[in-house]
Amino acid sequence: MTTATLGSPLPVMDPRSFEADERTEEDPLDLMDEIDRLKKEKDATILAHYYVDGEIQDVADFCGDSLQLARDATKVTTGTIVFCGVHFMAESAKILNPEKRVLLPDLLAGCSLAESCTYPALKARQEELKAEGRDVVTVAYINTSAAVKSLCDWIVTSGNAREVIEDRVPKDKEILFVPDQHLGRYLVEVTGREMILWPGSCMVHEIFSLTDMRRAKKNNPGSEVIAHPECPQNILAESDFIGGTERLKQYVMGIEEPRTFLVATEAAMIHPLEKAAPRHTFIPVPGIMTDSGETCACNRCPHMARNTLQKTRDCLRDGKPEIEWKDYFDPAKEVLTRSLLQ
Ligand code: 13P
Ligand code: SF4
């Protein structure tokens, strides 16, 4: 595989050090109208992940999970894509559509999983395993930088991980799964494949409180827990349904009689769930603060929350910040295309 030249890495951020996001004083309805007008004027399409604020999802042309958005990006006919999500998602959209201008409302919208697995660290681990004589295939969750993707054999999302591992990774190979240890552990369970797991985790799912979840279950008799596989094993073990964001949505849509669901994933996910199946009640499972042990509203991803209506309008209007093409996007394109589009 080609050796990638590394660009400057995204700064590693401690979410507790974030300044309060400069929330807009502007009327959200005016901003939404302006965004609609600018989309036409600037020949742009907005893609939004289910974890961004509901009002941004409402102005987007495509909303979805990581897999669907990567696929939708290849169907865009306008010259510009505005990706309301996080850096690795906009980067993937650029890699799959080199001829398009791809904008991200805030370049600092990163991801704790992507930050946990750097290019040098992964390369060193792969070399270490090779030196031990182990024949390893590297499977990466899409929540990784393009430089890291360029070192990998397969890229998966929560929506296709099981089928890629079961149908496409040769049975005689060992798997090094990066960077989400919880998703990896879940995949070991459902596929029966042994995996070497990278010790990364999502800062949002990592801190869901089992005590709060049990309490919510007790207070809502007959409720069901639906959980994202980025949750730790103790949460998944007590969940009724496990799936990536799109699968969670399809699951609740398939249930006719009104029910209460306790939602163990990023809290903005409640918005598409309520839109898709308004007959149900959705209650977010709170997180727990790692320092104090208190429960909190930390089931919002601070990176996703960097996307605001105002920044979306600004980036449409100004044509920046833009994802610039890097030389290591070429090998990343090969593995992304093979894994997600074929
Ligand atoms: P999916 O929408 O693909 O399930 O991903 C969840 C996530 O954490 C994105 O950052
Ligand atoms: Fe990354 Fe977790 Fe935020 Fe998704 S929710 S972008 S996995 S930190």
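Start at 1 and go down the list; that is how both ligands and their atoms are numbered. The basis for the numbers below is simple: all heavy atoms, side chains too, and nothing from hydrogens, waters or symmetry mates.
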Seminar exercise, completed: At under 4.0 Å between heavy atoms, what of Thr245 touches ligand 1? The answer is both
Seminar exercise, completed: the protein heavy atom lying closest to atom 6 (C) of ligand 1 turns out to be His228 NE2, 3.4 Å
Exercise. Among protein heavy atoms, which lies nearest atom 1 (Fe) of ligand 2, and at what distance?
Worked result: Cys111 SG, 2.4 Å
For this session: Using a strict 4.0 Å cut-off to heavy atoms of Asn143, name the atoms of ligand 2 that fall inside it.
Result: 7 (S)
Exercise. Side-chain contact, heavy-atom cut-off 4.5 Å: Ile81 with Leu103?
Worked result: no
Exercise. Short list, please: which atoms of ligand 2 are under 4.0 Å from a heavy atom of Leu113?
Worked result: 7 (S)
Exercise. Should the pair Arg338 and Trp154 be classed as cation-pi, given the thresholds of under 6.0 Å to the six-membered ring centre and 45° from the axis?
Worked result: yes
Problem set entry | Check: Asp58/His271 side-chain N/O donor and acceptor closer than 3.5 Å | yes
Problem set entry | Candidate with minimal heavy-atom separation from atom 3 (Fe) of ligand 2, of Cys301, Ala114, Ala268 | Cys301
For this session: Check each atom of ligand 1 against the heavy atoms of Ser158 and keep those under 4.0 Å away; list them by number with element.
Result: 1 (P), 3 (O), 4 (O)
Seminar exercise, completed: Within the 4.0 Å heavy-atom cut-off, what Tyr51 brings close to ligand 1 is side chain
Exercise. For ligand 1, which atoms, with element, lie under 4.0 Å from some heavy atom of Met89?
Worked result: 9 (C), 10 (O)
For this session: Would you tell me whether Tyr50 and Glu246 have side-chain atoms, one donor and one acceptor, within less than 3.5 Å of each other?
Result: yes
Problem set entry | contact_flag Asn143 ligand 1 heavy-atom lt 4.0 Å | yes
Exercise. Between Tyr141 and Ser66, is any side-chain donor less than 3.5 angstrom from a side-chain acceptor?
Worked result: no
Exercise. Does Glu189 come within less than 4.0 Å of Arg185, counting only side-chain N to carboxylate O?
Worked result: no
Exercise. Is atom 3 (Fe) of ligand 2 less than 2.8 Å from at least one N/O/S atom of Cys202?
Worked result: no
For this session: Would you please determine whether Glu266 falls within less than 4.0 Å of ligand 1 on a heavy-atom basis?
Result: no
Seminar exercise, completed: closest protein heavy atom to atom 5 (O) of ligand 1 is Ser66 OG, 3.5 Å
Exercise. Which is it for Lys333 and Asp330 under the salt bridge (charged side-chain N to carboxylate O under 4.0 Å, His left out) test, yes or no, and what are the steps along the way?
Worked result: CA-CA 5 Å; Lys333 183 174 197 298; Asp330 284 311; over 6 Å; no
Problem set entry | Atoms in ligand 1 with a heavy atom of His49 nearer than 4.0 Å | 1 (P), 2 (O), 5 (O), 9 (C)
Problem set entry | Close aromatic pair by centroid cut-off 6.0 Å: His228 and His205 | yes
Problem set entry | Val164-Val190 co-clustered via ILVMFWY side chain contacts under 4.5 Å | yes
For this session: Could you check Arg300 against Asp53 for salt bridge (charged side-chain N to carboxylate O under 4.0 Å, His left out), going step by step and ending with a plain yes or no?
Result: CA-CA 10 Å; Arg300 283 303 328 266; Asp53 283 350; 2.9 Å; yes
Exercise. If you count the atoms of ligand 1 from 1 in the order shown, which ones are under 4.0 Å from a heavy atom of Glu230?
Worked result: 6 (C), 7 (C), 8 (O)
Problem set entry | Thr157 N/O to ligand 1 N/O under 3.5 Å | no
Exercise. Are Arg101 and Glu322 within salt-bridge range, i.e. N to O under 4.0 Å?
Worked result: no
Exercise. For ligand 1, which atoms have a heavy atom of Gly244 less than 4.0 angstrom away?
Worked result: 4 (O)
For this session: Report the part of His205 in contact with ligand 2, treating N, CA, C, O as backbone and CB onward as side chain, heavy atoms under 4.0 Å; options are side chain, backbone, both, neither.
Result: neither
